[in-house]
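All heavy atoms count here, side chains included; hydrogens, waters and symmetry mates do not.
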Amino acid sequence: MSSAVRGEQDSDLFREAMASFPSGVTVVTTTDEDGKWWGFTASSFCSVSMAPPLVLTCVNKDAQCWRVFTSAQRWVIHVLHAGQVPLAVRFATRGADKFAGAGFAADIHGLPVLAEASVALGCVAHAKPDGGDHTILIGRVERTRIWPQAPSIYYRRAFHEFT
């Protein structure tokens with residue numbers, strides 16, 4: 001067994017392994033009890049169940065929006081296309097004015113929805129189990145919108161697009 005899989009190297013090696021798994025690029029949005037919009041970028045996203053339709057994403061417990069999302073009853077997951085990569089970077093930046101001029105509009109629940117994301121999934125809270133340094137947000141999908149743009153992909157800490 002090499003030293004790269006023992007001791008202090010475990011977390012670095014694990015982080016590198018996870019960066020080597022391509023994922024879609026998503027922005028997750030919600031509102032707080034005062035109607036203020038909140039959001040974050042997430043690469044952890046997947047389907048959980050078809051019946052009922054469930055998806056999951058994860059929010060870091062150190063994120064400024066963590067308390068809002070762990071108390072939220074609804075959120076929207078947006079799968080971004082290549083033209084929206086700057087938005088993914090903005091939503092991953094602490095303290096950034098995330099929604100300014102970004103093309104979001106309130107849906108029927110007051111949630112911010114991004115026009116023309118590859119996919120937008122309106123979710124209602126199903127479960128929020130602990131996930132170590134993250135909270136897992138499992139949502140039941142109530143609304144699905146699909147646009148023709150191919151999604152962006154995040155792989156080895158860089159954004160890529162389908163060609």
Side-chain angles (χ1 to χ4, degrees), residues 11 13-31 37-66 68-70 72 74-94 96 98-107 109 111-163:
S11 65
L13 190 59
F14 179 70
R15 185 180 310 271
E16 191 61 33
M18 293 301 94
S20 297
F21 181 73
S23 66
V25 179
T26 67
V27 163
V28 187
T29 60
T30 195
T31 58
W37 290 359
W38 292 85
F40 66 97
T41 297
S43 57
S44 296
F45 165 72
C46 69
S47 63
V48 175
S49 169
M50 291 300 290
L54 300 175
V55 294
L56 74 74
T57 191
C58 302
V59 60
N60 192 310
K61 291 178 180 176
D62 288 335
Q64 291 175 318
C65 63
W66 178 79
V68 173
F69 276 92
T70 57
R74 296 180 179 279
W75 55 85
V76 180
I77 300 173
H78 306 86
V79 178
L80 304 184
H81 59 73
Q84 296 168 323
V85 164
L87 193 59
V89 173
R90 185 191 314 178
F91 270 72
T93 304
R94 184 178 285 269
K98 298 178 179 182
F99 294 95
F104 286 87
D107 71 3
H109 301 291
L111 299 172
V113 177
L114 179 61
E116 298 183 12
S118 292
V119 174
L121 302 169
C123 301
V124 64
H126 178 79
K128 298 176 189 173
D130 181 65
D133 59 2
H134 284 65
T135 296
I136 302 166
L137 304 174
I138 301 174
R140 182 174 43 81
V141 178
E142 291 185 316
R143 293 175 322 282
T144 301
R145 291 172 57 186
I146 300 174
W147 286 270
Q149 299 92 332
S152 184
I153 296 177
Y154 194 68
Y155 172 68
R156 293 201 171 157
R157 296 177 186 82
F159 296 97
H160 305 273
E161 59 184 287
F162 286 107
T163 56

| message | Strictly distance-based, threshold 3.5 Å: is any side-chain N or O of Ser44 a donor or acceptor partner for the main-chain N or O of Cys58? | response | no
| request: Could you tell me whether a side-chain N or O of Arg90 sits under 3.5 Å from a main-chain N or O of Lys98, the two making a donor and an acceptor? | output: yes
| message | Could you check whether any side-chain N or O of Ser47 sits under 3.5 Å from a backbone N or O of Ser49, counting only pairs where one atom can act as donor and the other as acceptor? | response | no
| field | Contact summary for Cys65 and Trp38, nearest pair of heavy atoms | value | CB-CE3, 3.6 Å
| note | Residues passing the side chain to side chain contact (heavy atoms under 4.5 Å, CB included) test with Pro86, sequence neighbours excluded, are none
| field | Listed partners of Ala88 passing side chain to side chain contact (heavy atoms under 4.5 Å, CB included), at least two apart | value | Val25, Thr41, Leu80, Phe159
| said: So that I can tick it off, tell me whether Arg157 and Glu16 are bridged by a salt bridge, with the cut-off set at under 4.0 angstrom between side-chain N and carboxylate O. | reply: yes
| field | Main-chain N/O of Arg74 paired with His109 side-chain donor or acceptor, under 3.5 Å | value | no
| query | Taking atom CD of Glu142 as the centre, does the number of heavy atoms from other residues, nucleotides or ligands within less than 6.0 Å exceed 12? | reply | yes
| said: Quick check: closest heavy atoms across Val76 and Gly122, and the distance to 0.1 Å? | reply: CG2-CA, 4.4 Å
| remark: What one should report as the nearest heavy-atom pair of Val48 and Val55 is CG2-C, 3.9 Å
| task | Over all heavy atoms of both residues, which pair between Tyr155 and Ser20 is shortest? Give the atoms and the distance, please. | result | CE1-O, 3.1 Å
| task | Could you tell me whether a side-chain N or O of Ser118 sits under 3.5 Å from a main-chain N or O of Gln149, the two making a donor and an acceptor? | result | yes
| Closest non-hydrogen atom pair, Gln84 against Leu114 | NE2-CD2, 3.5 Å
| Proximity of His78 and Phe91 rings by center, below 6.0 Å | no
| field | Contact summary for Ala42 and Thr57, nearest pair of heavy atoms | value | CB-OG1, 3.3 Å
| task | Scan for side chain to side chain donor-acceptor pair (under 3.5 Å) pairs involving residues 130-141, sequence neighbours excluded, and state none if there are none. | result | Lys61-Asp130, Trp66-Thr135
| query | If we only count heavy atoms from C-beta on, is the Val68 to Trp75 side-chain gap below 4.5 Å? | reply | no
| remark: Checking Leu111, Leu137, Ile77 against Cys123 for side-chain contact (heavy atoms from CB on, under 4.5 Å), the one that qualifies is Ile77
